[in-house]
Amino acid sequence: MRPGPSSERAVVLASTEREAVETAGLIREAGYYANICGDLAELRGEIANGAGLAVIADDAIKGADLTGLTRWLNDQPAWSDFPIVLLTQGGSLERDPGAVRLGKILGNVSFIERPFHPTTLASIVGSAVRGRRRQYQTRAILEDLTESESLLQTALNAGQLGALELHLPEFELEASDICKTYFGRRASEPFTYQELLDAVHPDDRKRRLAVLEQSIRTSKHYAIEYRVIWPDGSQHWLDVRARAVRRPDGSLKSLVGVCSDITLRKTAEIERENLLAQLAAERTALSELTATLEQRVEQRTADLLKEVAAREKAQEQLRHAQKMEIIGQLTGGIAHDFNNLLMAVMGNLELLRKRLPSDQRLNRLIDGAMQGAERGASLTQRLLAFARQQDLRVEPVALRALIQGMSNLLERSLGPRIALRLDLPEGLPPARIDANQLELAILNLAINARDAMPDGGTIDIRVSEDQAAKDPALKPGSYLKLSVVDTGTGMSPEILKRAIEPFFSSKPLGKGTGLGLSMVHGLAVQLGGTLQLSSVEGQGTTAALLLPVATALAEAAHPAPPSRKLKRSAVILFVDDDPLIAMSTTEMLEDLGHRVIGASSGLHALDILRSEQPLDLMMTDHVMPGMTGLELAAATRKVRPSLPILLATGYADLPDGVQVDLPRLAKPYHQDQLRDRLDQLLR
């Protein structure tokens, strides 16, 4: 069993003791901790004491009071989204509304239909444990950030420093509460950059502007002392210091710094200057008096005593002014140390910005993206490829140029112990393929070949022309044969027979999904070709892709015109019966600035379409219970003929005819793809 903290264990609640023991045993065999719970109360206690996930049979909690469990789930901190694996009693979720209801109540739920394959359970449990581990890491980062922020605030308070940030080039100001008070504003009041400019003393504005422009132009530190006038008319002195912060592209992002009130120090300096001027005048007067000292000695004795007293007082005031200057220098040192601390905090914030969103909605998006990406991109895409239902962009492609273009990627992926040799004759006809999918297939075959050569070896990639006449898997005609040949350990006849079966893998548990060759085989068949495998134990394996020859020449690639950014917020009706996809896509659409109206079925969407609700676009899933996306689109044309419709689907075998003029977005999609598609439709 893989070592790890008890907080990463799985807790199991089944309807029978036998099922609980079998499920926990499968989880332990997969290398994870597992504890069996006798009832729901014990399960809640185990989860509260720290667990990585819960595996629950739906019939074990149907009819039970879930109030305590849902209260704990709803009260989770922002970093936590406890995963639950729900074992359903067979059949699809569309025919099991009870399971769907439990999924909505429990939140972060993955479904497994019974009976299930042990590999499926191990894969989902592993994904859940890794996701929970990342949540704990997020908690640690948040705690470190909170501690850093506390230290930063302590430093600011200790130095009586106000923090400010001037965003460029828009000149938007962010000021701390202390900073606002130094400009005579209350902490609760908003404080804009224009209000800061208006507060600067008229005699200091030109000098301040010159220093600011030089800092922006040269990126030198911004340091200046100037006077400000408070709303009550009083005058104060400020010391403002800032550093330039740049974006990754080198452009100036903002000036970040601190300000402090130096009114006392500046007042002392002015008083000292006045006193020094007074002393100089007195010395001049004393020299004049010396000339007539003999005649005025008696009269001046009393005056001199007064002057001595005044001088002593002036010296005391001078010492006080010098003391205030030293305090000012100490404040400057604190400001310098604070700048160093600030730069460290800024660095941490930059890293945190790349790794962790800053609000709960983005956290939910990350969780949904984690489940959708791992379940959709890693598993669904390969299964669709094996079932030959992925959406391909088939066009004539020159294989020689394609393989040469990815040779550097192949060499980096294979490592220094593998020698890569290419045999790519000139003059070959183009193949009729999807270039992106074929590149993934070649990389997949090359990595499989590398893994079969733990001590190093040679991989040959060859392309040749071939004719199919009697092969039952191919239509008669011309083909290109792309072969990946390794000198590895090879496969036994028994393994070779099952090599392209989905989920079958000869690698150790956890080292592969068993879908690599299945995906390559499915792609080849969908393109009108096939995958041929031959292997001899101890001598190596040859994987040959037979791809149909294109009847037309490959067209030169034209750069796609730059997409125009959408400059308005649209009202979008989004229709999908999957709660996870609905949540994820809704978050992406709202993050792009749109307002989303959700519908969980075609009938629900039609009710909205028949209402007076203003809509700019409808985005719908295709495969939904009761009414498909194409049927919904046909009904929508009768209600709102001019409404743009975007069909989101992961399948290629849609009915002919209707979808010809219906824009489509292939699942899974990224936010950039979604934004570009919407920009095209909403122009």
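Below, each value reflects all heavy atoms present in this structure, side chains not excepted, and no hydrogens, waters or symmetry copies.
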message: Is there a salt bridge (Lys or Arg N to Asp or Glu O under 4.0 Å) between R114 and D59? Walk through the geometry before answering.
response: CA-CA 12 Å; R114 294 177 289 187; D59 48 3; 3.4 Å; yes
Are [X] and [Y] close enough that a side-chain donor and a side-chain acceptor fall under 3.5 Å?
X: E19; Y: S15; value: yes
X: R134; Y: Q137; value: no
X: R132; Y: Y136; value: yes

query: Got a second to check how far T120's OG1 is from E113's CD, nearest 0.5 Å?
result: 10.5 Å
Check: [Y] main-chain N/O paired with [X] side-chain donor or acceptor under 3.5 Å:
X: R28; Y: A34; value: yes
X: D486; Y: T541; value: yes
X: D577; Y: S600; value: no
X: N444; Y: L440; value: no
X: T487; Y: T458; value: yes
X: N49; Y: G45; value: yes
X: E46; Y: E42; value: no

What's the shortest heavy-atom distance between [X] and [Y], and which atoms?
X: L531; Y: A524; answer: N-CB, 4.0 Å
X: T88; Y: D58; answer: CA-OD2, 3.4 Å
X: S535; Y: G540; answer: OG-O, 3.2 Å

task: Check I403, V485, L445 against I461 for a side-chain contact (heavy atoms from CB on, under 4.5 Å) and give me the one that passes.
output: I403
field: salt bridge (Lys or Arg N to Asp or Glu O under 4.0 Å) between D672 and R675, intermediate numbers included
entry: CA-CA 5 Å; D672 290 342; R675 180 194 60 218; 3.3 Å; yes
task: Might you confirm whether atom CZ of R421 has over 12 heavy atoms from other residues, nucleotides or ligands at distances under 6.0 Å?
output: no
